Amino acid sequence: MKPTTLLTLTLALAAFGARAEDKPLLAIPGKVIYENKLSDGAGAPWKAAKGEWKPADGVLRGSELEADKHGAVTRLPNKLTDFVIEYEFKFSGAKATSLSINAIKDHMARIMITPKSVAIQRDDNDHEGPDKAVVFARFPAELGEGWHKVRLEMVGDKMLGKVDDLVAWGANELFLKEKASPGFTVSGQSVDFRNFSLKEATLNPAWEEVKGTLPKPGEKVAAAARPAAAKGAAKKKAE
């Protein structure tokens, strides 16, 4: 790393009081847009579109409702430019959860998490049209009991996702459009959330050096886990 870049990064760390484990990656966090420990659940300005969202044991608990025939979803109404989101989650029986960002129309990006995998991706932006999701990375993981930390950074045409020590990034022109409605999704029963923060962000001046230490987009894409039913069918066929 060049001395000037190292000095810039050191000053940035000092300016924002960052802990060693939270050293800047893609973004330097700035002004707080919204913070909530979620100890009393998620009242206004959160808007629950699907599922049940309630306070439970000092955290926010999200659960899918069978009658909805759709995963649970709750979102903030914010329109965003460059930002950093951080929070913690814990699986309490659910099959999957995600941190999702919308474009003004349709989806834009997400970190998709199951107990066995973490995916950082650009979303399908037109559902039934020709557009398709682009998975920048999919890691095998063991996210059993206990709390896990999530960070999503979006600056310019780039996004970076981090779940515990799993980190990946990618770039796409879709990310240059206005970002909106950050939110949680839950598939199944249930996921707990706490310590949510949303901050403005600027590009880390040491990003090029940091980027060199991370997987290239598409370099770490493990096969997606098949649903249990599909696994059972494959085993039966093999037998």
Side-chain angles (χ1 to χ4, degrees), residues 1-2 4-6 8-13 15-16 18 21-34 75-76 78-87 98-113 117-126 131-139 141 149-185 196-222:
M1 184 180 291
K2 296 178 181 179
T4 53
T5 304
L6 178 59
T8 302
L9 179 56
T10 302
L11 291 173
L13 279 164
F16 292 100
E21 64 269 30
D22 293 333
K23 63 182 181 296
L25 295 169
L26 170 64
I28 299 292
K31 179 182 176 181
V32 173
I33 299 172
Y34 174 81
R75 295 187 180 278
L76 289 170
N78 300 66
K79 294 182 179 179
L80 304 168
T81 51
D82 299 334
F83 66 87
V84 174
I85 287 176
E86 291 184 297
Y87 68 94
S98 74
L99 171 61
S100 168
I101 305 298
N102 282 347
I104 297 304
K105 292 184 178 180
D106 226 308
H107 300 309
M108 177 179 283
R110 79 181 59 229
I111 301 175
M112 174 61 72
I113 307 165
S117 68
V118 170
I120 290 89
Q121 66 184 59
R122 171 209 188 273
D123 274 346
D124 181 340
N125 187 238
D126 63 4
D131 195 38
K132 293 183 179 179
V134 179
V135 178
F136 298 127
R138 185 185 295 112
F139 301 102
K149 187 169 184 178
V150 177
R151 190 195 313 184
L152 174 62
E153 307 180 358
M154 297 191 76
V155 179
D157 67 345
K158 301 173 185 63
M159 73 173 288
L160 180 143
K162 186 174 188 287
V163 178
D164 293 340
D165 294 328
L166 301 173
V167 189
W169 73 281
N172 194 276
E173 63 181 10
L174 175 63
F175 302 157
L176 293 171
K177 296 185 178 180
E178 190 172 53
K179 307 160 186 70
S181 306
F184 302 135
T185 74
F196 180 92
S197 73
L198 168 62
K199 299 177 182 177
E200 295 178 353
T202 54
L203 182 66
N204 178 9
W207 167 240
E208 288 301 318
E209 285 81 2
V210 173
K211 184 171 71 173
T213 70
L214 301 176
K216 296 177 182 178
E219 185 177 47
K220 299 285 187 180
V221 182

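Computed from a predicted structure; not experimentally measured.
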4.5 Å side-chain heavy-atom contact, L152 and V150: no

Measuring from D124:CG to D106:CG, what's the distance to the nearest 0.5 Å? 6.5 Å

When rounded to the nearest 0.5 angstrom, what distance separates CG in N125 from NZ in K105? 10.5 Å

With a sphere of 6.0 Å drawn around CD of E219, does it hold more than 12 non-hydrogen atoms of other residues, nucleotides or ligands? yes

Closest non-hydrogen atom pair, I120 against G161: CG1-CA, 3.8 Å

Can you name the one residue among K149, K199, K162 that meets salt bridge (charged side-chain N to carboxylate O under 4.0 Å, His left out) with E86? K149

OG-OH distance between S197 and Y87, expressed to the nearest 0.5 angstrom: 11.5 Å

Report yes if the side chains of M108 and D123 come closer than 4.5 Å at any heavy-atom pair, otherwise no. no

Could you state the interatomic distance from OG1 (T185) to CD1 (I111), rounded to the nearest 0.5 Å? 11.5 Å

Surrounding NZ of K220 (heavy atoms of other residues, nucleotides or ligands, distance under 6.0 Å), is the total greater than 12? no

R75 side-chain N/O to S100 backbone N/O, donor-acceptor pair under 3.5 Å: yes

Looking only at non-hydrogen atoms, find the nearest pair between F83 and K179 and report the distance. CE2-CD, 3.5 Å

Atom of D157, atom of F175 and distance for their closest heavy-atom approach: O-CD1, 3.3 Å

Tested for side-chain contact (heavy atoms from CB on, under 4.5 Å) against I33, the lone hit among N78, I85, V84 is N78

Look up atom OG1 in T81 and atom CE in M154, then write down how far apart they are to the nearest 0.5 Å. 11.0 Å

L25 and W207: which non-hydrogen atoms are nearest, and at how many Å? O-CE3, 3.4 Å

Could you tell me if the side chain of L26 sits less than 4.5 Å from the side chain of W169, heavy atoms only? no

Hey, are the side chains of N204 and E153 touching, using non-hydrogen atoms and a 4.5 Å cut-off? no

With heavy-atom distances below 4.5 Å as the criterion, would you say the side chains of V163 and F139 are in contact? no

First locate atom CD1 of I28, then atom NZ of K23, and finally report the distance between them rounded to the nearest 0.5 Å. 12.0 Å

Specify the closest pair of heavy atoms between S181 and N102, including all atoms of both residues, with the distance to one decimal. CB-ND2, 4.0 Å

Testing the basics here: between D82 and G156, what is the closest heavy-atom pair and its distance to 0.1 Å? OD1-N, 3.0 Å

Can you tell if the side chain of I104 reaches within under 4.5 Å of the side chain of K177, non-hydrogen atoms only? no

